[in-house]
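Please read the structure below before turning to the comments.
Every chain is numbered from 1 and lettered A, B, ... according to where its sequence line falls, protein lines coming before strand lines. None of these values were measured; they are calculated from a predicted model.
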There are 2 protein chains.
Amino acid sequence: MSKSVPARADQPTAAGAVAEHLAQMILGELTPGSSLPSEAALATRYAVSRLTIREAVKLLEGRGLLEIARGRKAVVREPDGAAFADFLTSIIRYDPKGLFDLVEIRLSLEVQSATLAAKRANRAGIAAIESELQGMRDTAGAPGQPMSDDQELSFHTHDVGFHEAVALASGNRILGFLFEAMAQPLREGFFISRRGHEKRGHTRHDTIEAHQRILDCIKAGNGRAAAEAMRLHIKDTERDIRVALSQLAHQPVEHS
Amino acid sequence: MSKSVPARADQPTAAGAVAEHLAQMILGELTPGSSLPSEAALATRYAVSRLTIREAVKLLEGRGLLEIARGRKAVVREPDGAAFADFLTSIIRYDPKGLFDLVEIRLSLEVQSATLAAKRANRAGIAAIESELQGMRDTAGAPGQPMSDDQELSFHTHDVGFHEAVALASGNRILGFLFEAMAQPLREGFFISRRGHEKRGHTRHDTIEAHQRILDCIKAGNGRAAAEAMRLHIKDTERDIRVALSQLAHQPVEHS
DNA sequence: TGAGGTAAAGGTATCAGATATCTTGGAGGA
DNA sequence: TCCTCCAAGATATCTGATACCTTTACCTCA
């Protein structure tokens with residue numbers, strides 16, 4: 001008698017229920033790379049219309065569990081930190097204090113990251129870190145010369161890349177993904193912190209030297225020293241941000 | 001001549017494009033709690049069918065940016081760490097080493113968490129931590145007595161709650177959300193680590209005492225001592241997991 | 001025999017039109 | 001004043017169809 005399966009008030013929606021069931025299946029049994037049955041097949045199995053299946057699958061795509069392409073079945077996705085990126089972005093946008101919260105998180109994660117990298121980094125991992133540092137040098141230009149916007153973006157990208165490379169070299173996959181997710185918010189943060197950096201009389205070559213010290217400790221396999229070098233560097237960044245933001249706060253009321 | 005707007009190969013799908021546009025709007029201008037226009041209105045604005053809007057909105061719901069309820073417009077959601085939970089779960093499920101990676105992350109985050117909580121926790125924050133610890137005591141039962149499954153679940157829930165309460169008391173919102181996201185994977189991990197805990201001759205009352213020490217340091221406002229107490233506790237948990245997993249490794253593994 | 005092109009089959013993307021149910025707010029009565 | 005009930009607006013889902021993409025198997029030609 002009932003052709004449709006409308007959602008009841010006390011029950012989640014049909015699409016949500018299907019999505020939850022599929023999510024359990026994906027997280028439980030299926031491995032990344034394997035594919036789901038076709039939409040039509042799933043519609044038959046769950047006794048709902050194909051549209052409901054589409055909505056369920058879209059939910060899971062949003063959660064980062066599936067990859068959907070036209071003409072192909074939905075594929076279980078390798079986990080990555082993309083889902084976390086939205087969250088960090090919204091935190092920073094909605095909350096002015098968010099940037100300091102992020103620096104505090106970095107302080108603990110990066111120190112751990114450097115410690116582990118010093119213990120475990122293999123040749124490829126160290127080469128990746130060196131490559132990013134070289135990229136910073138290449139785009140830094142001559143001392144005293146102002147940087148173009150392109151150069152600055154490239155410099156920050158290599159800076160973020162350096163920290164991401166250290167995280168990857170730590171051998172801890174979660175750390176790697178966390179830094180991947182932090183990359184975008186971090187780049188935004190670096191544009192801010194650089195103002196403070198200059199205001200405090202430092203140059204980008206000081207930044208490069210700080211990174212060089214961290215790399216040296218990692219290459220030497222000295223976890224404790226690497227941790228300390230990283231801690232000093234992050235603390236310095238925190239001061240940069242504080243100076244830059246306090247300037248921003250004073251600017252609007254200038255000459256009033 | 002073209003009534004529909006089919007997706008081009010080199011372009012993202014219509015639903016994806018709408019979702020991306022809405023996401024930028026949500027992260028840029030809208031504040032949590034405000035609501036989107038109705039599906040019909042959005043369909044008109046973007047010149048697509050209502051179905052496409054529904055799929056776009058489902059994508060964003062999956063990303064945790066929107067909350068959708070029947071009969072009401074879609075509402076911009078307060079950011080939370082739910083999106084991160086999927087990721088952690090999949091890491092742990094797909095990768096046997098994932099649990100140790102998670103413990104390493106905890107080691108750095110929880111030490112930071114305890115340090116900050118000792119500095120910043122207000123009365124309400126400390127009361128919340130105390131409440132969870134009391135919850136552990138209440139469900140622990142008499143020494144030597146075996147726990148029922150319900151009791152054990154409750155005990156672990158309060159244990160996780162303790163750590164989450166410390167994170168919240170740190171005043172760092174990102175830390176709070178990270179622990180919220182870790183709660184579920186952590187509970188699973190605790191069921192594993194408890195075996196090792198007992199195997200090593202420890203009881204749940206030892207666990208309670210370890211937590212009590214952490215709480216005392218936080219109440220005393222001694223960040224350094226709180227950090228050290230937390231570090232010892234996490235290191236102990238790591239040993240528990242190692243012992244438990246080495247036991248599991250000797251048991252036959254089922255194939256699918 | 002092998003290489004390249006092509007058409008069919010299967011899959012997703014999207015549209016259109018309808019019905020069911022829920023939420024909310026206002027009209028009307030006790 | 002307060003409660004009840006109904007209508008309007010919103011979402012949830014279904015059915016049926018068309019367009020386009022991907023894969024594969026087949027067929028042709030060198």
Side-chain angles (χ1 to χ4, degrees), chain A residues 1-23 26 30 33-77, chain B residues 1-23 26 30 33-77:
Chain A
M1 42 179 107
S2 69
K3 295 187 299 182
S4 63
V5 184
R8 301 293 303 274
D10 52 342
Q11 292 288 334
T13 66
V18 170
E20 200 46 48
H21 192 258
L22 286 176
I26 291 169
L30 301 179
S34 61
S35 56
L36 257 53
S38 74
E39 294 182 353
L42 288 172
T44 304
R45 176 183 307 179
Y46 288 104
V48 296
S49 80
R50 216 186 110 222
L51 169 59
T52 301
I53 297 296
R54 282 193 63 73
E55 295 190 347
V57 162
K58 283 289 176 190
L59 270 174
L60 298 177
E61 185 186 11
R63 279 167 70 172
L65 295 177
L66 286 181
E67 223 161 30
I68 302 175
R70 181 176 213 146
R72 274 183 299 191
K73 298 179 184 176
V75 172
V76 176
R77 210 177 142 178
Chain B
M1 53 198 280
S2 69
K3 296 186 300 181
S4 63
V5 184
R8 301 293 303 274
D10 52 341
Q11 293 287 333
T13 66
V18 171
E20 200 46 48
H21 192 257
L22 287 176
I26 292 170
L30 301 178
S34 60
S35 56
L36 257 52
S38 74
E39 294 182 353
L42 289 172
T44 304
R45 176 183 307 177
Y46 288 104
V48 296
S49 80
R50 218 187 109 218
L51 168 60
T52 301
I53 298 296
R54 283 192 62 73
E55 294 190 347
V57 162
K58 283 290 176 189
L59 269 173
L60 298 177
E61 185 186 12
R63 278 167 70 171
L65 295 176
L66 287 180
E67 221 161 30
I68 303 174
R70 179 175 215 148
R72 275 183 298 190
K73 298 178 184 176
V75 172
V76 176
R77 208 175 144 178

Is A:Glu39 salt-bridged to A:Arg70, going by a charged N under 4.0 Å from an acidic O?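 Here A:Glu39 does not pair with A:Arg70 in a salt bridge, since their nearest N and O are not under 4.0 Å apart.
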Residue pairs involving residues 47-72 of chain B (criterion ring pair (Phe, Tyr, Trp, His ring centres under 6.0 Å); sequence neighbours excluded):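 Found none.
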Who pairs with A:Arg72 by salt bridge (charged side-chain N to carboxylate O under 4.0 Å, His left out), at least two apart in sequence or on another chain?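 Here no residue qualifies.
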[atom1] of [X] versus [atom2] of [N]: gap in Å, rounded?
X: A:Tyr46; N: D:dC14; atom1: OH; atom2: P; answer: 14 Å
X: B:Glu39; N: C:dT14; atom1: CD; atom2: P; answer: 15 Å
X: B:Arg70; N: D:dA12; atom1: CZ; atom2: C1'; answer: 4 Å
X: B:Ile53; N: C:dA16; atom1: CD1; atom2: C1'; answer: 15 Å

Residue-level proximity of residues 57-69 of chain A to DNA chain D when a heavy atom falls under 4.0 Å: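 Within residues 57-69 of chain A, no residue comes under 4.0 Å of DNA chain D.
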Residue whose nearest DNA chain D nucleotide is more 5′ - B:Ala40 or A:Gly71: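 It is B:Ala40, whose closest nucleotide lies nearer the 5' terminus.
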Side chain to side chain donor-acceptor pair (under 3.5 Å) with A:Arg45: which residues, sequence neighbours excluded?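 Residues passing side chain to side chain donor-acceptor pair (under 3.5 Å) with A:Arg45: none at all.
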Can you list the residues that meet the side chain to side chain donor-acceptor pair (under 3.5 Å) rule with A:Arg77, with sequence neighbours excluded?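 With sequence neighbours excluded, A:Arg77 shows a side chain to side chain donor-acceptor pair (under 3.5 Å) to A:Asp80, given in chain and number order.
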Which sits closer to the 5' end of DNA chain C, A:Lys73 or B:Leu51, going by the nucleotide each is nearest to?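 Mapping each residue to its closest nucleotide by heavy atoms, the 5'-most match is A:Lys73.
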For the side chain of B:Arg72, starting at C-beta, report the closest nucleotide among C:dT14, C:dT24, D:dC14.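 Between C:dT14, C:dT24, D:dC14, the one nearest the side chain of B:Arg72 would be C:dT24.
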With B:Val57, which residues qualify under side-chain contact (heavy atoms from CB on, under 4.5 Å), at least two apart?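 Applying side-chain contact (heavy atoms from CB on, under 4.5 Å) to B:Val57 gives B:Ile53, B:Leu66, B:Ile68.
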Taking OP1 and OP2 of D:dT11, is either one under 4.0 Å from a side-chain nitrogen or oxygen of B:Arg54?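 So the side chain of B:Arg54 is outside the cut-off, no N or O lying under 4.0 Å from OP1 or OP2 of D:dT11.
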Is there a side-chain contact between B:Arg50 and the phosphate of C:dA16, meaning an N or O under 4.0 Å from OP1 or OP2?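 So the side chain of B:Arg50 is outside the cut-off, no N or O lying under 4.0 Å from OP1 or OP2 of C:dA16.
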